[in-house]
Amino acid sequence: MMLVHEKIAHLQQLKTAHTTEELDRLGWDRYAEIQEMLERQYHGDYVMIEVDSGAYFVGKTPKEALRLAEAAYPGRAFCLIRVGHKVVHKLKQR
């Protein structure tokens, strides 16, 4: 069984008509359309957005959201957003 970071790395390698930047932009555009509802109901959870259809999948963890998204859209690349946050993870140097 793949770990979440391995699964995300795998998704980054999938063929898609969109660049990483396009996936990000399209995902955030779709998020803006549903942001109010998501933040009211799912603040702090994770939403995985399939940008071509606009379908979205909410989970308590990135892994749960990914599992739901892949069940509906196998082999697709997704945009992951943490509901109510500007970034999913913040990295900082030591």
Rounded to the nearest 0.5 Å, what separation is found between the CZ atom of Phe57 and the CZ atom of Phe78? 6.5 Å

Tell me if a side-chain donor or acceptor on Arg30 pairs with a main-chain N or O of Gly54 at a distance below 3.5 Å. yes

So how far is it from Arg67 CZ to Met48 CE, rounded to the nearest 0.5 Å? 11.5 Å

Do you know the tightest heavy-atom contact between Ala65 and Tyr46? CB-O, 3.8 Å

Arg25 meets the side chain to side chain contact (heavy atoms under 4.5 Å, CB included) criterion, sequence neighbours left out, with Glu22, Asp29

Suppose we screen for side chain to side chain donor-acceptor pair (under 3.5 Å). Which residues come up paired with Thr61, at least two apart in sequence or across chains? none

Specify the closest pair of heavy atoms between Leu68 and Val58, including all atoms of both residues, with the distance to one decimal. CD1-O, 3.4 Å

Solution key, residues 37-44 side-chain donor-acceptor pairs under 3.5 Å, sequence neighbours excluded:
{"unit_1": "Glu39", "atom_1": "OE2", "unit_2": "Tyr31", "atom_2": "OH", "d": "2.8"}
{"unit_1": "Glu39", "atom_1": "OE2", "unit_2": "Gln35", "atom_2": "NE2", "d": "3.0"}
{"unit_1": "Arg40", "atom_1": "NH1", "unit_2": "Glu36", "atom_2": "OE2", "d": "3.3"}

When rounded to the nearest 0.5 Å, the distance separating CG of Asp45 from CD1 of Ile81 is 13.5 Å

Of all heavy-atom pairs between Val51 and Cys79, which one has the smallest distance, and what is that distance? CG1-CB, 4.4 Å

